[in-house]
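Here the structure comes first, spelled out in structure tokens, and everything after it is commentary.
For the numbers below, each heavy atom of this structure counts, side chains included, while hydrogens, waters and symmetry mates do not. Note that the coordinates shown come from a computational prediction; the quantities given were computed from them, not determined experimentally.
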Amino acid sequence: MEMLSGAEMVVRALQDEGVEYIFGYPGGSVLHIYDALFQQDSVSHILVRHEQAATHAADGYARATGKPGVVMVTSGPGATNAITGLATAFMDSIPMIVLSGQVRSDWIGDDAFQETDMIGVSRPVVKHSFMVRDAKDIPEIMKKAFYIATTGRPGPVLIDIPKDQTAPNVKNPYEYPKKVKMRSYAPVSRGHSGQIRKAVEELMKAKRPVIYAGGGVIQGEGSELLTKLAHRLNFPVTNTLMGLGCFPGTDPQNVGMLGMHGTYEANMTMHSSDVILAVGARLDDRVTNNVKKFCPGAKIIHIDIDPATISKNIMAHIPIVGPVHQVLEEMLTMLDEHGGEPDRKALERWWEEIEGWRKVHGMRYETNENGPMKPQQVVQALYKATKGDAYVTSDVGQHQMFAAQYYQYDKPRRWINSGGLGTMGFGLPAAMGVQFAFPDASVACVTGEGSIQMNIQELSTCLQYGLPVKIININNQALGMVRQWQDMQYGGRHSQSYMESLPDFVALAEAYGHVGMKITKFEDLEGAMDEAFALKDRLVFMDIYVDSTEHVYPMQIADGSMRDMWLSKTERT
């Protein structure tokens, strides 16, 4: 049997798991592992400029590919810098492995240099965590970590590794487990057939149905089956922010995103429905508004891999715990066996009502004749320049909502954003992870001048690795969503929401070795966008100045029902 050091075991396990990239930043406690990485060439290490960026890059890679992202950081501040990225992945159910260095085993608890209790610090924001107490256990721990991260409801797993367990002079036999069995962890592999049959019967009786699809459809590889089911039944489909792309955005049955900044027709369809098929969605506060007023006439069928999610916020009438792919497949089989059709006349009336709602708002917005361009115009120009086929990452704020509303995602895993945690600074490193996964793809980071500065140092990483990401900086010289809330709820008192001092982003991009563009006029926008995407091998930073007073609409009225919305600054339902 092969004899390896703990450090060599870590690297060999990554190879055995088929890992392509590990995003990280070296430090004293992980140097043995870095030395082992140096002596092989099948796993590529990507040197970021900040550990938070390493986690977001691995996260973006995971969201775009479906494979787990891998991170390595040193002990103490290196590890604590990874916490925001762990929490981001945890909230959105993204598979990730974070290897954190730790001080020597015999120093733990002594407040040694760069010691942090990472098991304790990370516990609320990981699916599971391990500490290596004996190097012999590394193969089994690595196997378990990847298994836990990628099965059931996916999520991040932390492995804390004391430096002495990776010492190069201590060798142990290495054998990587072919499979793993854990008594305490047994994710469900099938939904209950009786519950699925009840759901099918309810769907066939529905007069005003809607399919409400979330990020779990994408994570569970259920997009194709969900699309087939929707077409089979001719039901309207609405997506959560995390679910965009799991059903084609340009499909006429798609009524758009729902929730706080959802379309008028999506929110009205949900509120007025009699049966809701919720698939891989959490029914969280950004969707439901006041839970006591949520869809009062609807029976709810809820499909999710995580039993803790079902009936957590809204009671499900027909709960189905199981993998989305398997449940939808069985549901389609049962529909074929049933042989009947939903009430077509009722559906026709339902669609007439929905089309009427589409006409009420239809994502309209007012443009300026001679004034600054609107952020919506920027996203629409991006859609046109990329023909709707880019990978789009975003940061968090108004620009995120505009990118969700006005770029139509026809494929899953093309919309990459921090939904649950709402992490500013996510967009650029996430775009890096996507670009590593798909070197020839168009990757656009839609951001704002507040968010981009949180991890702007990664422009250096992009230059080192030749990543031709296109940064679409929707510059409104303010923390736009904060300012919008201050306009709407605080009498226009803009406390600390205006950016009074901004860098010259064009000069900054050029200082990092990239191409910078400044666009202030709408008539220059389309040409500049085409020029940027024509530069296939260069990162382009597009600093685009927009109307600083623009708000995101529709917007749900706080503590109301789903049908209670602002449609503009002066118009409400």
Side-chain angles (χ1 to χ4, degrees), residues 21-27 29-30 46-64 68-102 114-129 145 149 154-160 215 241-242 284 286 393-397 399-400 416-434 445-462 479 481-482:
Y21 297 105
I22 181 168
F23 301 88
Y25 203 96
S29 67
V30 285
I46 307 304
L47 178 63
V48 296
R49 303 309 189 253
H50 192 285
E51 291 89 353
Q52 181 180 341
T55 57
H56 294 331
D59 186 323
Y61 174 89
R63 292 179 198 240
V70 183
V71 176
M72 185 155 62
V73 294
T74 195
S75 62
T80 57
N81 279 346
I83 288 294
T84 299
L86 281 166
T88 301
F90 181 74
M91 287 288 280
D92 289 343
S93 306
I94 306 303
M96 183 190 293
I97 307 293
V98 174
L99 309 172
S100 62
Q102 185 54 276
Q114 291 193 330
E115 179 190 355
T116 302
D117 175 12
M118 274 305 290
I119 300 297
V121 169
S122 67
R123 185 168 285 121
V125 293
V126 295
K127 188 175 176 183
H128 195 66
S129 56
V157 175
L158 176 88
I159 306 175
D160 205 35
L241 179 70
M242 293 301 302
D284 70 303
R286 286 305 198 233
T393 73
S394 85
D395 276 292
V396 172
H399 62 267
Q400 176 192 26
I416 313 290
N417 84 117
S418 169
L421 195 66
T423 306
M424 293 173 71
F426 175 84
L428 177 55
M432 289 163 31
V434 175
C445 169
V446 177
T447 186
E449 75 291 338
S451 289
I452 191 63
Q453 293 187 84
M454 291 199 172
N455 270 315
I456 202 164
Q457 75 284 338
E458 297 311 311
L459 287 172
S460 178
T461 309
C462 291
L479 301 176
M481 193 61 83
V482 174

Using the ring pair (Phe, Tyr, Trp, His ring centres under 6.0 Å) criterion, which residues pair with His50? Sequence neighbours excluded.
none

Can you tell if the side chain of [X] reaches within under 4.5 Å of the side chain of [Y], non-hydrogen atoms only?
{"X": "Asp92", "Y": "Asp59", "result": "no"}
{"X": "Tyr61", "Y": "Val434", "result": "no"}
{"X": "Met424", "Y": "Thr447", "result": "no"}
{"X": "Gln114", "Y": "Pro77", "result": "yes"}
{"X": "Ile83", "Y": "Ser122", "result": "yes"}

More than 12 heavy atoms from other groups under 6.0 Å of OH on Tyr25
no

Provide the closest heavy-atom pair for Ser451 versus His399 in the form atom of the first, atom of the second, distance.
OG-CE1, 3.7 Å

Check the pair Thr423 / Gln52 against side chain to side chain contact (heavy atoms under 4.5 Å, CB included), numbers first and verdict last.
CA-CA 11 Å; Thr423 306; Gln52 181 180 341; 4.0 Å; yes

Please assess Val125 against Met91 for the test side chain to side chain contact (heavy atoms under 4.5 Å, CB included), listing each intermediate value before the final yes or no.
CA-CA 8 Å; Val125 293; Met91 287 288 280; over 6 Å; no

Polar side chain donor-acceptor pair, Thr116 to Thr80, under 3.5 angstrom
no

Is a donor from one side chain sitting under 3.5 angstrom from an acceptor on the other, for Ser460 and Gln457?
no

Applying side chain to side chain contact (heavy atoms under 4.5 Å, CB included) to Asp160 and Ser129, what does each step give before you reach the verdict?
CA-CA 8 Å; Asp160 205 35; Ser129 56; over 6 Å; no

Side chain to side chain contact (heavy atoms under 4.5 Å, CB included), that's the test. Do Cys445 and Asp395 meet it? Break it down for me.
CA-CA 8 Å; Cys445 169; Asp395 276 292; 4.3 Å; yes

